[in-house]
**Q** 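Structure incoming, see below.
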Amino acid sequence: MGIRVIDLQKTIDFTPSCFDMKIVGRGKLGEIKGEWVELASDENGFTLELNYYKKNSPYHAEYAVGEALDHLTFKVDNLDEALKKAETAGYPAVDEHKQGNFRWAFVEDPNGIWIQFY
């Protein structure tokens, strides 16, 4: 899965600290004035690609939160622990829900994308 970000470094700082992911690849795309970073989870092999394009790139577009993306969802072993990690990194829960025994919460990443933990 790849997502477009508006601040690559803030997103790099946010993602591994909240999701226990590691950078496994990184590169620049000179001709299109872009950069990419690939993050991977050790546990399940999930990869997330962060894409950044400079304003003078042909692929740059004004960033609109939620445009074609509502939120990303991650199943975690311990919701309270995941929320504590996110809050420690500067990203407190913005919305929490419980329905019966099922509980979930959202944090907002540096790009304004809502990340759901359950």
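The shown structure was predicted, so the numbers you read here are calculated from the model rather than taken from an experiment. Computation of the quantities below employed the complete heavy-atom set of this structure, encompassing side-chain atoms and omitting hydrogens, waters and symmetry-equivalent molecules. Counting begins at 1 with the first residue of the sequence.
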**Q** V24, M21: one ILVMFWY side-chain cluster at the under-4.5 Å cut-off?
**A**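 No, V24 does not connect to M21 through the hydrophobic network.
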**Q** With sequence neighbours left out, what residues match Q9 under side chain to side chain donor-acceptor pair (under 3.5 Å)?
**A**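 Q9 satisfies side chain to side chain donor-acceptor pair (under 3.5 Å) with D13 once adjacent residues are dropped.
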**Q** Assess whether side chain to side chain contact (heavy atoms under 4.5 Å, CB included) is satisfied between R4 and Y53, documenting all intermediate values.
**A** CA-CA 8 Å; R4 187 173 300 197; Y53 301 99; 3.9 Å; yes
**Q** Under the 3.5 angstrom rule, does the side chain of S57 hit a backbone N or O of I32 as a donor-acceptor pair?
**A**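 Confirmed, S57 side chain pairs with I32 backbone.
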**Q** Could you check whether any side-chain N or O of N111 sits under 3.5 Å from a backbone N or O of I113, counting only pairs where one atom can act as donor and the other as acceptor?
**A**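 Looks like no, no N/O pair under 3.5 Å.
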**Q** Are I23 and L29 joined in one hydrophobic group, where the rule is that I, L, V, M, F, W and Y side chains link up if heavy atoms are under 4.5 Å apart?
**A**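 Shared cluster, no.
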**Q** Return the set of residues passing side chain to side chain donor-acceptor pair (under 3.5 Å) with T73 (not counting sequence neighbours), or none when no residue passes.
**A**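 Per chain and number, T73 pairs via side chain to side chain donor-acceptor pair (under 3.5 Å) with H71, Q116.
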**Q** Output all residues satisfying side chain to side chain donor-acceptor pair (under 3.5 Å) with E49, sequence neighbours left out; order by chain, then residue number.
**A**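 E49: side chain to side chain donor-acceptor pair (under 3.5 Å) contacts with N51.
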**Q** Report yes if the side chains of F117 and L83 come closer than 4.5 Å at any heavy-atom pair, otherwise no.
**A**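 Side-chain contact under 4.5 Å: yes.
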**Q** Check this for me: does any side-chain nitrogen of one of D20 and K85 sit under 4.0 Å from a carboxylate oxygen of the other?
**A**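 Yes, D20 and K85 are salt-bridged.
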**Q** Is it true that atom CG of N56 has more than 12 heavy atoms of other residues, nucleotides or ligands lying nearer than 6.0 Å?
**A**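 Yes, the 6.0 Å shell around CG holds more than 12 heavy atoms from other groups.
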**Q** Side chains of D7 and P110, heavy atoms from C-beta outward: is any pair under 4.5 Å?
**A**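 Sidechains of P110 and D7: no contact.
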**Q** Could you go through the side chain to side chain contact (heavy atoms under 4.5 Å, CB included) check for R103 and D80 one step at a time?
**A** CA-CA 10 Å; R103 188 172 149 238; D80 291 321; 2.7 Å; yes
**Q** Give me each pair satisfying ring pair (Phe, Tyr, Trp, His ring centres under 6.0 Å) with a member in residues 27-52, each pair once, sequence neighbours excluded.
**A**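 Sorted result for residues 27-52: F46-F74.
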**Q** Are Y118 and W114 linked, directly or through other ILVMFWY residues, by side chains that come within less than 4.5 angstrom of each other?
**A**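 Y118 and W114: one cluster.
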**Q** Any salt bridge (charged side-chain N to carboxylate O under 4.0 Å, His left out) involving residues 28-38? Give me the pairs, sequence neighbours left out, ordered by first then second residue.
**A**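 Listed by first then second residue: nothing to list.
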**Q** F19 versus I115: any side-chain heavy-atom pair under 4.5 Å?
**A**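 A side-chain contact exists here, since the closest heavy-atom pair is under 4.5 Å.
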**Q** Determine all donor-acceptor pairs shorter than 3.5 Å in which one atom belongs to a side chain in residues 88-95; sequence neighbours excluded.
**A**
unit_1: T88; atom_1: OG1; unit_2: K84; atom_2: O; d: 2.9
unit_1: D95; atom_1: OD1; unit_2: H97; atom_2: NE2; d: 3.3
unit_1: D95; atom_1: OD2; unit_2: H97; atom_2: NE2; d: 2.7

**Q** What distance separates L39 CG from L48 CG, expressed to the nearest 0.5 Å?
**A**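 So the gap between those two atoms works out to 5.5 Å.
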**Q** Do R26 and L50 have side-chain heavy atoms sitting under 4.5 Å apart?
**A**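 A side-chain contact is absent here, since even the closest heavy-atom pair is not under 4.5 Å.
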**Q** Within the 4.5 Å heavy-atom criterion, are F14 and V107 side-chain neighbours or not?
**A**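 In contact.
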